[in-house]
Structure formats: C-alpha cells, structure tokens
Amino acid sequence: MYDDVFENVTDNSNIVFLDMKKEDFMSKYDSVGKDSAQDLVNNYFKVKSKDGIPEVTDVAVDSNGGRVRIVVHVNYDRDEKLYAYTVPDSLNIDRGR
C-alpha cells in the first residue's frame, strides 16, 4: 500500500504532500479524516524510515480523480525520533531473558 503513495516535497519547506488512490485508502480505513490520515502518515514514515515527526494539517478528497491528498507538516526540531518499522520475529521473541 505504501509503495502506491506519491510523495511531493517542496524545497526548503517542512510541508510534504502525500497522494494516493481513494480505494487504497478506504481498503484500510473506514472513512477519510484527520485521525485516519494521521495513522496512515505515522505508519508511512515508519515503513519508509523517514526523519521528523509528521503532523497532518489537511486531508482532501478529489472526487473527480478518486484520490486522497494529505498535507503533512514535518517537525524536525523535536528530540523525539520515529524508529524504523521492524517485523516481529516469533523465533527470537523469548531470547534475552
């Protein structure tokens, strides 16, 4: 799903635009809104190992083109960091005890 997201970053700006097909968005979420968009963006940043803390500022649906556009402000000034997405390994889950 995240491979089908088109990312547009403006030079010298902390604004990122994410565009995707509405049907792809709706396959994972019940409705298009800020909460579901924020969840998608958080997961997208983890899967893609992106720096910064994303905050969704706007979500719009283009009904003619069937696309969802998410406007994200990325905060690079915080000390917090999103860690890369890792797949749990059931074989190693009990190691280290």
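Hydrophobic clustering, defined by side-chain heavy atoms of Ile, Leu, Val, Met, Phe, Trp and Tyr closer than 4.5 Å, groups Phe17 together with Ile15, Val71.
The side-chain heavy atoms of Val41 and Leu18, taken from C-beta on, include a pair separated by under 4.5 Å. Side-chain atoms of Asn8 and Phe6, non-hydrogen and from C-beta on, do get closer than 4.5 Å to each other. Between Ile70 and Phe25, some side-chain heavy-atom pair lies under the 4.5 Å cut-off. Using a 4.5 Å cut-off on side-chain heavy atoms (C-beta onward), Glu7 and Lys50 make contact.
At least one donor-acceptor pair under 3.5 Å links the side chain of Gln38 to the backbone N or O of Val56. Side chain of Ser13 to backbone of Thr10: no donor-acceptor contact under 3.5 angstrom is found. Ser36 places no side-chain N or O within 3.5 Å of a backbone atom of Tyr29 that could act as its donor or acceptor partner.
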Please lay out, stage by stage, how Asp19 and Arg67 fare under the test salt bridge (Lys or Arg N to Asp or Glu O under 4.0 Å).
CA-CA 7 Å; Asp19 289 312; Arg67 305 210 45 96; 5.5 Å; no
Step by step, work out the side-chain contact (heavy atoms from CB on, under 4.5 Å) result for Thr57 and Val72.
CA-CA 6 Å; Thr57 58; Val72 182; over 6 Å; no
Using side-chain contact (heavy atoms from CB on, under 4.5 Å), reason through His73 and Asn14 one step at a time and then give a plain yes or no.
CA-CA 6 Å; His73 177 266; Asn14 291 352; 4.0 Å; yes
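Considering all non-hydrogen atoms of both residues, Gly52 and Val74 come closest at CA-CG1, 3.8 Å. Residue Phe45 comes nearest to Asp51 through the heavy atom pair CE2-O, 3.7 Å, listed as atom of the first residue, atom of the second, then distance. Shown here for Val59 and Ala37, the closest heavy-atom pair between the two residues is CG2-CB, 3.5 Å.
Evaluation of the salt bridge (charged side-chain N to carboxylate O under 4.0 Å, His left out) test over residues 22-44, restricted to residues two or more places apart or in two chains, returns none.
With respect to Lys48, the side chain to side chain contact (heavy atoms under 4.5 Å, CB included) criterion is satisfied by exactly one of Asp3, Asn43, Val5: Asp3.
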